[in-house]
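Heads up: the structure comes next, in structure tokens.
When reading the values below, keep in mind they use all heavy atoms of this one structure, side chains included, and skip hydrogens, waters and symmetry mates. Keep in mind it's a predicted model, so treat the numbers as computed, not measured. FYI, the numbering just counts along the sequence from 1.
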Amino acid sequence: MPRAAPTLPLPILLLVLPFAAPVLPCVSPARADPPTLADVLSQRIERYGGEIRIDPASGRIDGEVALDVVVTGPGRPALHFSTPIPVIGASDASGGPLPTSTVQVGGRALLRVELPAPLPDGAGATVRLRIDGTPSCAPRGTIEWRPCGFGDVTWLDLSVVLPASVTFAGERATMDLGVDLPAGLALAGTGLDAGAVPSAPGRERHRLVQDAPSVLHALAAGPFETGSAPGTEGFVRTFTLPDPAVRARVPAVIAEAASALAFCAARWGPPPVPGVSIVQVDAGAAWATAGMIWLPRGIWTGQGGGTIHPPDLWRLVLPHEVAHQWFPVGARPEPGSAWIAEALAEFAAIDFLAAIGAADGVATAQRLSLEYRRLVDPLDDFPLAGSSADAAGSRDLWFRVAYAKGALVLRALRQVAGADAFRSGVAALYAEHSGQGPFDAGRLRDLVAAAAGADLRWLFREQVERPGHPILRVRAWSEPLPGGEYRVRVRVEATSSVFGVAFSLPLPFRVATTAGTYARTELVAGPDTEVAWDLPGRLLGVDVDPGHAFVRRVLPEVPGDVDLSGEVDGIDVVAVAWSRGAAWPDGRYSEAADLDDSGAVDQADLDAVLEAFGAP
């Protein structure tokens, strides 16, 4: 989903599923025998064709759209469509008129098109619908995303133009659409512009061709400067407005998009639509459709990014939106699993940026964890399962839970199952559902579990089906043993940010002694867990979950023992002194050094560690 505009101090990573608000078509009154839900679900559009004419000055769109429809179930006497723009007439492939009416199904007004004869199961028909109207471009949903806009730059999510079947999976179709526009504009769209020819004085007809079936069709037209470069999985194209700041960014954006396409393709398989067009448009958000990524100017230039997001904001946004070409454009989650598409995209972006050396994966995970834990009130927290942007009731809340926590839950899944099993499971999910019906997030769990040979239901039950995160209070100490070894003991008291929720964490530990560094993994379950390891050398410190695979807050049981060495010593004083003056989300801010959890490392924290100096 679209990412919010960069002036908001939020994680800006959302892709919205299109919704065509039904508009009553200009047809005859409703029939007395309305269809059932099974009737209206018994069809799918496989191809869009026809001609549309767009007047950017008025926002009016008119023309004739040809729909190649296949039906399921025997003896279907009519087809049903959601019509965001009024339909003023219908005909068959030969131009013969077809009767139409308006019917109500599930509270939605649908266009009913009567067929000359009932169609048997699996049969197809071509229906031509004449449209004429102005789509509503008012913001939609909790995230206030606009589906269209008119002016110097015109953009359209084609769900506001093209009549659609009523389908839970979205309309998956190819497209060969003539688009009539004012002369001199460049056209970007789902598919390729096969060229423009004069159509009337001051106007041109473009041909937008998309050979691969997909949902989320879209187009944009404007006085764009265009750039392109061959990418691993097809061409990367840019469509930007004349602007020195944006123009300077184009080569880097093209290179990163091509690399991100190759990165995801190597892990998940070819994208559903080869190549990607990156369009500068002021839609109030960054978002992805089939073969297209939409970036507002502020993301291109990094202006207004605030303190959470650095000036190279595009570098964080772009790989996330590229990953959306696989999820949900290729494989689409069910509405109650909407979080998984955002989590997979953010997860892939973290790994990609780490792979190319543009960001540290652990540091990025820590940032996401802090955003979720510091900005989500436990009383407002909600489970990932069954959630959506509108159900959350708040754009901010959705970003911080579905995106930040969701990506970290996937890191936990990889940690528990193993990297190979995790990658195999995600690739299998895409292969199984690309171009097919929607999937539940639990399907990913099951595929990863099968690859790992493990039962992972407990992890989803605790991290996906419940709200909150664990809070771990940790104490470490060591006892000398004969022969120069030491018994290192670690005690973990576990509570939760949400009352009554318990977690079981196979936590990694990195233990530093005077003899070296040692990795251990232990199950932390229940309110009090103590583990012990016999290791050479005296204890220097313990790092709990060093790769930040889990959403968690770690606190020292001994106040001031920042490095969990078993005592408050000079290392702790140095750690607090180095971070003094830093406030979250500054890069120098250290949560461990923020002893009073004020959001800033200040003199009070330094005084506290000095007062505790020497405490065991």
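Looking only at distances, a side-chain donor or acceptor of Asp561 sits under 3.5 Å from a matching main-chain atom of Gly566. Using modelled atom types, one side-chain atom of Arg588 and one backbone atom of Trp578 make a donor-acceptor pair closer than 3.5 Å. A distance-only check finds a donor-acceptor pair linking the side chain of Thr513 to the backbone of Pro536 [under 3.5 Å]. Judged purely by atom type and a 3.5 angstrom limit, Ser579 has no side-chain atom pairing as donor or acceptor with the backbone of Ala582. Side chain of Arg414 to main chain of Ala419: no donor-acceptor pair is present (N/O by atom type, distance under 3.5 Å, no hydrogens or angles). No donor-acceptor pair under 3.5 Å is formed between the side chain of Ser369 and the backbone N or O of Ala365. With hydrogens and angles disregarded, a donor-acceptor distance shorter than 3.5 Å links the side chain of Asp572 to the backbone of Val562. Judged purely by atom type and a 3.5 angstrom limit, Asp543 has no side-chain atom pairing as donor or acceptor with the backbone of Arg510. For Asp605 (side chain) and Asp602 (main-chain N/O), a donor-acceptor pair under 3.5 Å exists by modelled atom type. Using a distance-only test at 3.5 Å, with no hydrogens or angles considered, a donor-acceptor pair links the side chain of Arg411 to the main chain of His548.
Between Arg267 and Tyr430 there is no side-chain heavy-atom pair separated by less than 4.5 Å. Between Pro333 and Phe327, the closest side-chain pair of non-hydrogen atoms is not below 4.5 Å. At a threshold of 4.5 Å between non-hydrogen side-chain atoms, the residues Arg489 and Val531 do not count as touching. Counting heavy atoms from C-beta on, the side chains of Trp294 and Thr289 come closer than 4.5 Å. Annotation: side chain of Phe422 is not in contact with side chain of Val416 (no heavy-atom distance under 4.5 Å). Put simply, the side chain of Arg491 does not reach to within 4.5 Å of the side chain of Val474, judged on heavy atoms. Counting heavy atoms from C-beta on, the side chains of Leu535 and Arg520 come closer than 4.5 Å.
Counting non-hydrogen atoms of neighbouring residues, nucleotides and ligands closer than 6.0 angstrom, the CG atom of Asp420 reaches no more than 12 such neighbours. By the 6.0 Å contact criterion, CD on Glu611 is open, its count of non-hydrogen atoms from other residues, nucleotides or ligands being 12 or less.
Arg475 and Glu493 are not joined by a salt bridge, as no carboxylate oxygen comes within less than 4.0 angstrom of a charged side-chain nitrogen. For Asp597 and Arg553, the salt-bridge test passes: some basic side-chain N is under 4.0 Å from an acidic carboxylate O. The pair Arg374-Asp594 meets the salt-bridge criterion, with a side-chain N (NZ, NE, NH1 or NH2) lying under 4.0 Å from an Asp/Glu carboxylate O. Of the charged side-chain nitrogens involved, none lies within less than 4.0 Å of a carboxylate oxygen, so that Asp381 and Arg400 do not count as a salt-bridged pair. The pair Arg297-Asp282 does not count as a salt bridge, with every side-chain nitrogen at least 4.0 angstrom from each carboxylate oxygen.
Partners of Trp533 by ring pair (Phe, Tyr, Trp, His ring centres under 6.0 Å), not counting sequence neighbours, listed by chain and number: Phe509.
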(message) I'd like to know whether Ile254 forms a side-chain contact (heavy atoms from CB on, under 4.5 Å) with Arg249, so could you lay out the CA-CA distance, the side-chain angles of the two residues, the decisive distance to 0.1 Å, and finally the verdict.
(response) CA-CA 9 Å; Ile254 287 176; Arg249 189 75 77 193; over 6 Å; no
(request) List the steps, then state whether side-chain contact (heavy atoms from CB on, under 4.5 Å) holds for Leu540 with Ser565. (result) CA-CA 5 Å; Leu540 296 178; Ser565 64; 5.9 Å; no
(request) Output, in order, the C-alpha distance, side-chain angles, deciding distance and verdict of side-chain contact (heavy atoms from CB on, under 4.5 Å) for Trp458 and Phe503. (result) CA-CA 9 Å; Trp458 64 270; Phe503 296 90; over 6 Å; no
(request) Take Asp534 and Tyr486, measure what side-chain contact (heavy atoms from CB on, under 4.5 Å) needs, and give me the verdict at the end. (result) CA-CA 6 Å; Asp534 292 349; Tyr486 286 78; over 6 Å; no
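In the model, Thr529 has no side-chain atom that pairs as donor or acceptor with a side-chain atom of Glu522 under 3.5 Å. A donor atom on one side chain and an acceptor atom on the other are not found under 3.5 Å apart for Ser434 and Trp326. A donor and an acceptor atom, one from each side chain of His469 and Gln463, are nowhere located under 3.5 Å apart. Under the 3.5 Å distance criterion, with hydrogens and angles disregarded, a donor-acceptor pair is assigned to the side chains of Arg580 and Gln603.
Here the closest non-hydrogen pair linking Ala359 and Thr364 is CB-OG1, 3.9 Å. For the residue pair Asp545 and Phe550, the shortest heavy atom distance occurs at OD2-N, 3.0 Å. Looking at every heavy atom in both residues, Ser598 comes nearest to Ala600 through OG-O, 3.0 Å. Considering all non-hydrogen atoms of both residues, Pro470 and Leu505 come closest at CG-CD1, 3.6 Å. Scanning all heavy atoms of the two residues, the minimum distance from Phe460 to Ala441 falls at CE2-O, 3.7 Å. The minimum heavy-atom distance between His320 and His324, with the atom names listed, is NE2-NE2, 3.1 Å.
Looking at Leu447, Ile340, Leu444 one by one, the single match for side chain to side chain contact (heavy atoms under 4.5 Å, CB included) with Phe439 turns out to be Ile340. Checking each of Ile299, Leu295, Val246 against Gln280 for a side chain to side chain contact (heavy atoms under 4.5 Å, CB included) leaves exactly one that passes, namely Val246.
The line from CZ of Arg146 to CH2 of Trp287 is 10.5 Å long, rounded to the nearest 0.5 Å.
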